[in-house]
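One structure is given below, encoded as structure tokens.
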Amino acid sequence: MAKQLMKGNEAIAEAALRAGAINYFAYPITPQSEVAEYLSRRIPEVGGVFVQAESEVAVGNMLFGAASTGKRVFTTSSSPGVSLMQEAISYMAGAHLPVVLVNIMRGGPGLGGILPAQSDYFQATKGGGHGDYHVIVLAPSSVQEAVDLMMLSFHLADKYRTPVMIIGDGMIGQMMESVEIPEKYDEPPLPPKDWALTGARGRKSQIIKSLFLDPVALEKNSFLLASKYEEIKKNEIRYELYKVNNKNRILLFAYGTMARICQTAIDELEKDGISVGLFRPISLYPFPEKEVYEQAVKSNIESLLTVEMSMGQMVEDIERCTIGKKPSHFYGRTGGIVPSPDEVKIMVKKQLGLDTKTPLSGYMR
Amino acid sequence: MPGVVINKTYCKGCELCVQACPMQILAMSKELNQKGYFCAMLKEPHRCIGCRICAIVCPDAAIEVHTHGTQFALFNY
Amino acid sequence: MAHDTTTILTRPEALSSNITHYCPGCTHGVIHRLVAESIDELGVRERTVGVAPVGCSVLAYNYFNVDFMEAAHGRAPAMATGFKRLRPDMIVFTYQGDGDLASIGMSEIIHSANRGEKFTVIFVNNAIYGMTGGQMAPTTLPHQKTTTSPFGRDVNLAGYPIRVSELLSSLRTPAYIARVSVHSPMHIVNAKQKIKKAFAYQVEGRCFSLVEVLSTCPTNWGIAPNSALKWLEDNMLPYYPLKTFKDPDTGGTE
């Protein structure tokens, strides 16, 4: 398996094909149109189905139909497009359908901009559509990790019969990095898909739907979803610690591209004799609640700092999990502006009272 | 001699068959089904010509048409 | 009924044994039977998948002995596209009302037709939103009173009703588009031929097929079932002419 220099968008596309997902429905939207462009050439080579739909609303519903065959299906889009798919995602969650969606986030709200951002965290992790449901949300911080999580997402989607969403930002999609993509995805065995619609031959007809007019049946479906999410919380929490030790004075929280920038800042702060650790959630749902708490309450940690490319969304989960045990601060740039390592360094020093003069143009609290 | 059987559980008393029957031998009975609809009934069974029109217009597939031996098909359906 | 009784017409196998929720005299039931008979006669029940819309026929999946999916409002053609593209060997049909197809789902039906997706659309036009209680639909006739056009549809405000079959016929790709009605026995017999033909073209893997079926809504028109048939004939037929607009074999206009 050779190392290749690949653009994030194309690596994500190829990873899906290698995971056996050769059926793709999408609509062009910057900053991830290259996925569709790449697949429009590659999918015919692997005998899959490629459809450019008339809108993301149509994409979402094509996915529902395609997933009902039991085959692996996926789409990629960006923030405004993902908003249009929320209804379909709610339907697929309620109908227990496996599907993978990728959101290469861009600045919002509204038409916003086309540069990288992380302002869709709430939409992704709190269930952007109607009803009690969640989707598994995974956040890569490199092109290689995007490949690995993309392949994993198809396994998780089938394992739990649920939508799985990969959220990267424009940089993950547009960045070129060396990456290794396995030829074939060897994954643990999965149960047979007897729920798929194959025609009522030798069996009663089957229905895939999220409609339950009888409130008892609808509640039962929501209970079933809840038990699925408990199972997911037990098994699928993923995170990474960077230079976390008992000398850290501040614990940083960041995911995706923002986490890599924080790592650079941490390395440079270390040279200034300031010890800072980073907690990087990889699964944003299921969120590593217990682990965040355990790290935050360590005695050496004086305060917490969450850094996001948004006005502060994951910080609410950090504060929810650390329940005021430590002072929690936030620093964020958005609109497509990406905080620099220096900004993170200055914010840390301000938080430690070591720098009161240098101005910072980000959003702080 | 052709005839029809009206399934009372499906009939909703809409009377479409009564109007459509070319022999005008269907009518509404005073009998209620479990949903509270008056059901259609065959008034004069011996005059049924087995044309199937009642079953064709019935929105609830409540009518089954029978015949004995050969039956002249007035139209194919 | 002793000795050699032969049944010459009964419930088709593809029609389930459930009692439908449709109002008495609503011709949705007739159209369901025509679809089921077509599926039986083509022998494809065991490899058919239906897509139910949102509207009166939202519960259609309870009335067919075929696999079904329930679509979001207006999205059945997209859902059918997704399924059919992955399982071209299976027979896929959507069953949609006028609010579902011509209002919220207009983009989906136009683009599915224009891509020439090889599934069949049964489009029931009863000139009103039925399930939600009789509101004005894109197909509501000029001056027709509904709960959201209490003084009659004002074409200056709401425009004229949309003739979907004509609209889709202006596209080059879709190859079988016909409008039929079920307001009389003769029309039902004709409707069945067109519906069966639409399914047959799909069985041949031939083309996109859509049959628009004029249908009654006694409850929301506020007209008794038999008189509703007459109302359809007097009011809908003039505005929605019955014909085959496009046919891959004959080129339509029959």
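In what follows, chains carry the letters A, B, and so on, assigned in the order in which the sequence lines appear, proteins first and then strands, with residues in each chain numbered from 1. None of the values given here were measured: they were computed from a predicted structure.
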With R41(A), which residues qualify under salt bridge (Lys or Arg N to Asp or Glu O under 4.0 Å), at least two apart? none
Indicate the ring-plane relationship of Y95(C) and F64(C), choosing parallel, tilted or perpendicular according to the 30° and 60° boundaries. tilted
Measure up the H28(C) and Y22(C) rings against each other and bin them: parallel (under 30°), tilted (30 to 60°), perpendicular (over 60°). parallel
Heavy-atom cut-off 4.5 Å, strictly under: side chain, backbone, both or neither for [X] against chain A?
{"X": "V49(C)", "result": "side chain"}
{"X": "M69(C)", "result": "both"}
{"X": "L59(C)", "result": "side chain"}
{"X": "A52(C)", "result": "neither"}

Do [X] and [Y] have a side chain donor and acceptor closer than 3.5 Å?
{"X": "T198(A)", "Y": "R87(C)", "value": "no"}
{"X": "S215(C)", "Y": "N126(C)", "value": "no"}
{"X": "Q135(C)", "Y": "T146(C)", "value": "no"}
{"X": "N62(C)", "Y": "N18(C)", "value": "no"}
{"X": "S165(C)", "Y": "Y240(C)", "value": "no"}

Using a cut-off of under 4.5 Å on heavy-atom pairs, state which of L211(A), L197(A), I208(A), V73(A) scores highest against chain C. L197(A)
CD1 on I110(C) to CZ on R115(C), rounded to 0.5 Å: 11.5 Å
Here the gap from K194(C) atom NZ to L34(C) atom CG, rounded to the nearest 0.5 Å, amounts to 12.5 Å
Where along residues 14-27 of chain A does a heavy atom come under 4.5 Å of chain C, listed by residue number? N23(A), F25(A)
Residues from residues 63-71 of chain A approaching chain C under 4.5 Å (heavy atoms): F64(A), G65(A), A66(A), S68(A), T69(A), K71(A)
Residue F223(A) excluded, over 12 heavy atoms near CZ under 6.0 Å: no
Let's test your reading of the structure: which of A80(C), A78(C), S107(C), G50(C) forms the most heavy-atom pairs below 4.5 Å with chain A? A78(C)
For chain A, find which of K84(C), R47(C), M79(C) contributes the most heavy-atom pairs closer than 4.5 angstrom. M79(C)
Carefully, step by step, assess I177(C) and E212(C) under the rule side chain to side chain contact (heavy atoms under 4.5 Å, CB included). CA-CA 8 Å; I177(C) 294 172; E212(C) 177 178 353; over 6 Å; no
Q206(A) portion near chain C, given a 4.5 angstrom heavy-atom threshold: both
What pairs with H111(C) under ring pair (Phe, Tyr, Trp, His ring centres under 6.0 Å), at least two apart in sequence or on another chain? none
